Amino acid sequence: MASMEKRLQKELLALTKDPPVGVKVNTDAITKNLAEWTVDLEGAPGTVFEGENFQLQFKFGSRYPFDSPQVMFIGPNIPLHPHVYSNGHICLSILTDDWSPALSVQSVCLSVVSMLSSCKEKKRPPDNALYVKTCSKNPKKTRWWYHDDSV
Amino acid sequence: MGNCLKSPNTDDISLLRGSDAGPEVSSEQSANMGPPPPYQESIPIYHPSPNVSRPANQLTEEEQIKIAQRLGLINHLPTGVFDGTSKKAKECCICMEEFLLGDMLRFLPCMHTYHKDCIDDWLMRSFICPSCLEPVDAALLTTYETS
């Protein structure tokens with residue numbers, strides 16, 4: 001537990017001091033609970049999400065960074081993207097199978113922004129209706145099939 | 001086939017580090033609570049895959065073999081003490097702390113270096129280098145074949 005908090009403190013400091021473009025941590029909410037973060041993301045200029053704002057929620061377990069964080073979109077604007085379900089769940093392999101403890105909140109945010117940026121057509125995943133009806137609240141409990149690397 | 005991951009009192013960490021790591025429940029705690037019910041006896045938790053945690057007695061035979069092999073392979077990876085001479089290895093990217101003089105390190109075949117405790121914890125879940133995603137055992141096996 002202690003090592004998880006120490007690392008999160010480090011990440012928080014680095015991310016507030018030197019945030020990547022379009023990524024902003026909501027530090028007010030974090031002071032209460034280090035295990036739950038909200039990050040504001042901006043749609044990158046020149047992409048279909050230009051001018052849009054999104055909120056990404058991170059939940060860290062006591063075994064972070066050995067276990068991946070639980071990451072999903074929350075709030076009023078869930079990006080209309082073939083890998084993002086309408087309940088905010090994201091189909092992105094680094095969030096489960098391809099997680100590595102060398103990844104960080106910053107690298108996850110950049111991967112999500114990059115995933116959004118490569119989208120050409122705004123649409124939901126084809127199985128959205130069924131998935132949203134049947135899935136667990138925790139996206140990490142989903143057995144994801146990573147079958148499409150193009151978006 | 002016998003159970004190669006026996007003993008409820010030694011966990012994966014203590015097998016790796018010697019006897020310094022005690023059981024997770026402190027003696028103070030257990031004194032307050034009285035003897036634990038049988039099903040709460042401290043059975044070591046293993047991580048056959050990342051994000052999967054299972055007590056030793058609930059592992060499949062396949063997982064037991066996998067973990068036993070990992071323990072063996074980890075012990076073949078070189079270790080050392082950080083003496084400040086390496087210009088390349090400065091920080092452990094698992095805990096994000098800078099290496100300090102005297103820290104115990106472990107060196108992977110891909111030349112990535114971590115704190116011994118940090119990387120051993122990860123290697124018990126996955127044999128992929130966190131930095132370059134190179135499979136650690138593939139490199140080890142090639143070393144065996146060529147030497």
Side-chain angles (χ1 to χ4, degrees), chain A residues 1-18 25 34 37 58-72 89-111 136 138-146 149, chain B residues 11-13 16-17 21 24-26 29 44-55 67 70 74 88-100 103-106 108 110-136:
Chain A
M1 194 65 175
S3 63
M4 163 249 195
E5 278 173 2
K6 224 169 158 187
R7 191 181 133 151
L8 283 175
Q9 290 283 12
K10 277 204 118 132
E11 285 199 53
L12 186 58
L13 195 71
L15 209 51
T16 39
K17 244 167 84 182
D18 189 21
V25 195
L34 197 61
W37 297 22
F58 284 76
K59 284 185 181 172
F60 305 93
S62 59
R63 283 191 288 263
Y64 179 80
F66 297 104
D67 284 1
S68 61
Q70 186 189 315
V71 183
M72 58 188 277
H89 288 197
I90 309 164
C91 180
L92 183 64
S93 65
I94 59 158
L95 298 180
T96 48
D97 295 14
D98 293 340
W99 169 256
S100 140
L103 293 172
S104 59
V105 176
Q106 169 157 346
S107 57
V108 168
C109 286
L110 291 175
S111 290
S136 155
N138 179 354
K140 283 181 72 180
K141 296 221 167 98
T142 301
R143 250 337 221 332
W144 296 101
W145 287 69
Y146 306 107
D149 293 330
Chain B
D11 55 19
D12 53 336
I13 306 298
L16 290 171
R17 292 185 198 145
E24 271 177 43
V25 184
S26 73
Q29 233 180 331
I45 306 288
Y46 286 94
H47 311 278
S49 308
N51 290 315
V52 178
S53 306
R54 244 198 288 282
I67 288 164
R70 267 184 213 164
I74 290 171
K88 228 180 125 199
K90 279 200 176 123
E91 189 194 84
C92 172
C93 69
I94 295 179
C95 63
M96 294 188 171
E97 299 281 340
E98 276 182 24
F99 293 132
L100 300 173
D103 280 359
M104 273 301 281
L105 308 181
R106 197 183 281 286
L108 300 195
C110 52
M111 306 303 280
H112 287 111
T113 309
Y114 305 88
H115 282 127
K116 183 175 173 290
D117 291 355
C118 294
I119 192 64
D120 286 1
D121 215 342
W122 173 249
L123 292 174
M124 284 306 294
R125 298 152 203 258
S126 164
F127 249 56
I128 303 282
C129 170
S131 301
C132 63
L133 309 180
E134 194 71 34
V136 175

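Since this is a predicted model, take the numbers as computed values, not measurements. Per chain, numbering begins at 1; letters A, B, ... match sequence-line order.
Within the model, atoms CZ of Phe66(A) and SG of Cys118(B) stand 5.5 Å from one another, a figure rounded to the nearest 0.5 Å. We find the OG-CG distance between Ser3(A) and Asp121(B) to be 8.0 Å, quoted to the nearest 0.5 Å. Note: Leu13(A) CG to Met96(B) CE = 12.0 Å, rounded to the nearest 0.5 Å.
A pairwise comparison of heavy atoms in Trp99(A) and Trp122(B) identifies O-CH2, 3.6 Å as the closest pair.
Contacts of Ser53(B) with chain A are made by side-chain atoms alone, with heavy-atom separations under 4.5 Å and no backbone atom involved.
Legend: residues meeting side-chain contact (heavy atoms from CB on, under 4.5 Å) with Lys90(B), ordered by chain and number and at least two apart, are absent. Not counting sequence neighbours, His112(B) has no partner by the ring pair (Phe, Tyr, Trp, His ring centres under 6.0 Å) test.
Under a 4.0 Å N-O distance rule, the pair Lys10(A)/Glu97(B) qualifies as a salt bridge. Salt-bridge check for Arg125(B) with Asp67(A): passed, with a basic side-chain N closer than 4.0 Å to an acidic carboxylate O.
Just one of Ile94(B), Leu133(B), Ile128(B) meets the side-chain contact (heavy atoms from CB on, under 4.5 Å) condition when paired with Ser100(A); it is Leu133(B).
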